[in-house]
Each structure stands twice: as structure tokens, then as C-alpha cells.
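Here's the structure we're looking at; comments come further down.
Just so you know, ligand 1 is whichever comes first in the structure, and atom 1 is the first atom listed for that ligand.
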Amino acid sequence: MNYRHAFHAGNFADVLKHLVLALCVEHLKKKDRPFAVIDTHAGIGRYDLTSDAALRSPEWKDGVGRLLDADMPDEALRVLTPWLDAVRAINGPGALTTYPGSPALAAHLARKSDRLHLCELHEQDAKTLDRLFAKDGRVKVEKRDGYKALKAVVPPREKRGLVLVDPPFEHRDEMAHMAKAAMDGLSRWPGGTFIFWRPLKDLWAQERFDVGLAEWLFEEHDLKPEHILRADLWVRDLDTEGKLAGAGVVVINPPYTLEADLLAVMDWLCATLKQGDGAGWRVDGAISGDSLSVDEF
Ligand SMILES: C[S@@+](CC[C@H](N)C(=O)[O-])C[C@H]1O[C@@H](n2cnc3c(N)ncnc32)[C@H](O)[C@@H]1O
């Protein structure tokens, strides 16, 4: 377990992931009934952008750093506001020094009656996370394998909410692990909203995950393609060596507003976050077994 999210917090991939998370949580708030947010790979909760790690690898400057004070079209402002407000709230007035990871973002957006269940396997990170939420009665932190926990914690007692699965992709077989966990989790809670993050690195593995999951959901749970959305952003040619160039999410049972919200913002987001030639994005509102599209990149 060498992966440290502190080196990447607030980068372009976090921006899209956290935007989707914020939009999903906001949608859940449209009804009064409480909900649960289950974060299987939670990290340390929030990130100090003045830390050694962030100074050595200031990826946030080309992510959240480009967005906070940017002029943006009204539609982009509407869609980005819940996430941007959370970033501003955690920083207060003045410079950007702290970035809310998924736990801090969800905790900011959730209401008193809602609940967060956070799993983090790294010993020290789990302690840091636990300390962060020590006084927040809505939050339970577990030092535990998030994939295994999924079997035990879904469906949540509220029968409403979402699951974020955001592994580090340190190991070659992570996509296969995630697919297995996806099937376990969705078998238990086919009506839940699940957000799966994956890098656009091995494009065949990523396609097999997206399309394989869609096929399985259709066959096993009669879930129609329009219940499976994916959103991806790449900030330069995906062929380029070195740093991550693209990433995105697959969302099962997305809010019905998510596709339109993302379509309203992605052009602007891509133009603002691009780091070189070949940047692009896609939002597919309906994934099915026929959606294989590696050649499109
Ligand atoms: C990409 S980071 C999470 C970032 C966080 N979700 C966010 O958006 O702010 C992945 C985290 O998963 C942790 N991790 C790795 N394997 C795990 C496992 N099997 N179960 C739970 N956590 C794990 C790592 O220590 C790391 O902190």
C-alpha cells in the first residue's frame, strides 16, 4: 500500500469525481428521508495543499486551482456550485490551502440526519480520518478492506444513499477486484447509486469493466442501459507516457438530472483543465453490452 492520495488531491481526476459525488448527494437531498454515503476507499478525508506531498507534486494547481476563481458560463456555475461551495467553506476567506476529499465533501453536503460510513485500509490514514471526524456523530470510520466491507454494509438501513468505490489502482488486477466488488454490492442493493472511479490507462480493461458491468446488470437485474452512465475527461492525449492523462466514473442508478448537468459543464471544464493536445471528454448516458468504444479515443 504505497499509494498516497496527498500527491494527487485536487487534480483534474478529483475534480470530475468530486463533482459527480456532489451532484449525486445534492440529488439525494431533494427528499427529506435520510440517506447514507458509503465510501469504500476514503483516504484521509481532506488534504493540506501546503504539505510536503502537495508541494512536491502540486497537481491541484492544474485541477481545482484553475477553477476556484475562474470566470465561467452561468450553466457551469450552476452545476459546479455545490462542489465549489464545499471547497470554499473548508478554506474560508483567503488562499486555497485545503482540499476536501470525498469524506469531507460528503460530510459538508450531508444533513444532520444523514450518515457516512468510511473505510480506509491504511493504518495511519485510517487514524487520521478517524481523528478528523471524532466529533461528528454522523460519521463511522472503519480501518477495513472497503471491498469486503461492501458486502456487510449494503444496503444501508436507510435504503437510500450512494456508494463511492475509489481504489488506488496500484495493482494490475484492481479493475477485476472492483468488478467483483461491484457485482457483490449491486447484488445486495440493485437500486442503490454506485459511483466507480477508474483511470483511462489500460483502455481495454476499463472498457471491459464498463461494458461487462452493464451486460451483467442487464442480465441479472434487468437494469436498462439508461441506468448506467459514464463520464470521462482526459486532459491530453491518452497515449502520452507518464502522469495520468484521463479518468472518469461509471455511475449505476444515477440521478436522472446527472447526464444533463454534466453535458452542460464538460466542454468548459475540458477547455479549462486541458494540459496539452488531444484533450477531450465523453458523457454516455446509457451503457449497454454494445457500447464498446476503445477506438473512439
Ligand atoms: C484514491 S484514494 C481515495 C481518495 C478519496 N476517495 C477521495 O476522493 O478523497 C484510495 C485510498 O484507498 C486506500 N486503500 C487501498 N486499498 C484499500 C482497500 N482494499 N480498502 C480500503 N481502502 C483501501 C488507500 O490507502 C487510499 O487512501
Side-chain angles (χ1 to χ4, degrees), residues 1-25 37-49 51 53-54 57 59-60 63-64 82-83 86-87 90 98-110 116-133 139-154 162-182 184-185 193-201 231 233 243-244 246-251:
M1 300 235 325
N2 294 319
Y3 180 89
R4 307 281 68 178
H5 196 63
F7 289 96
H8 312 289
N11 70 2
F12 78 89
D14 262 9
V15 168
L16 179 58
K17 169 178 54 187
H18 293 151
L19 172 61
V20 168
L21 176 62
L23 291 171
C24 290
V25 173
V37 173
I38 296 153
D39 195 340
T40 59
H41 295 69
I44 59 170
R46 68 176 181 202
Y47 295 87
D48 177 1
L49 299 177
S51 70
S57 170
E59 292 183 19
W60 65 271
V64 63
W83 169 67
V87 178
I90 207 167
T98 308
Y99 182 72
S102 49
L105 174 61
H108 174 81
L109 295 173
L116 273 69
H117 193 127
L118 312 175
C119 298
E120 169 55 51
L121 193 55
H122 189 279
E123 179 100 40
Q124 199 52 47
D125 288 1
K127 277 188 189 149
T128 307
L129 189 63
D130 199 35
R131 269 199 306 275
L132 180 63
F133 291 110
V139 182
K140 176 170 181 173
V141 175
E142 278 196 292
K143 190 217 153 285
R144 184 174 184 187
D145 183 332
Y147 290 135
K148 289 190 183 143
L150 204 47
K151 289 188 192 169
V153 300
V154 300
L162 66 83
V163 177
L164 171 65
V165 183
D166 181 21
F169 284 89
E170 275 184 300
H171 304 296
R172 285 173 61 88
D173 52 359
E174 188 86 64
M175 207 75 87
H177 275 309
M178 188 161 81
K180 170 84 177 61
D184 284 346
T193 294
F194 284 70
I195 304 171
F196 299 101
W197 183 89
R198 75 269 182 286
L200 300 180
K201 269 190 189 159
L233 171 66
K243 273 192 190 167
L244 184 69
V249 290
V250 174
V251 188

Pair listing, salt bridge (Lys or Arg N to Asp or Glu O under 4.0 Å) test, anchored in residues 4-25, at least two apart: R4-D125, D14-K17, K17-D166

Can a donor-acceptor pair be found, under 3.5 Å and without considering hydrogens, that links the side chain of T40 to the backbone of L164? yes

Going by heavy-atom distance to atom 23 (C) of ligand 1, choose the closest among H171, R46, H41, K143. H41

Please check if the distance between the ring centroids of Y3 and H8 is under 6.0 Å. yes

Using the test side-chain hydrogen bond (donor to acceptor under 3.5 Å, both in side chains), find all partners of D145 that sit at least two apart in sequence or belong to another chain. none

Would you say H18 and ligand 1 have an N/O pair spaced under 3.5 Å apart? yes

Is the shortest N/O to N/O distance between S102 and ligand 1 below 3.5 Å? yes

Would you check if the side chain of S51 reaches a backbone N or O of Y47 as a donor-acceptor pair within less than 3.5 Å? no

Under 3.5 Å, N or O to N or O, is P167 touching ligand 1 that way? no

Nearest protein heavy atom to atom 22 (N) of ligand 1, by residue and atom, and its distance? L121 N, 3.2 Å

Please list the nearest protein heavy atom to atom 20 (N) of ligand 1 with its residue and the distance rounded to 0.1 Å. G146 N, 2.8 Å

Compute the shortest N/O to N/O distance between H122 and ligand 1 and return yes if it is under 3.5 Å, no if not. no

Could you tell me whether D145 and ligand 1 have an N or O pair separated by under 3.5 Å? yes

Geometry only, no angles: is E120 polar-contacting ligand 1 at N/O separations under 3.5 Å? yes

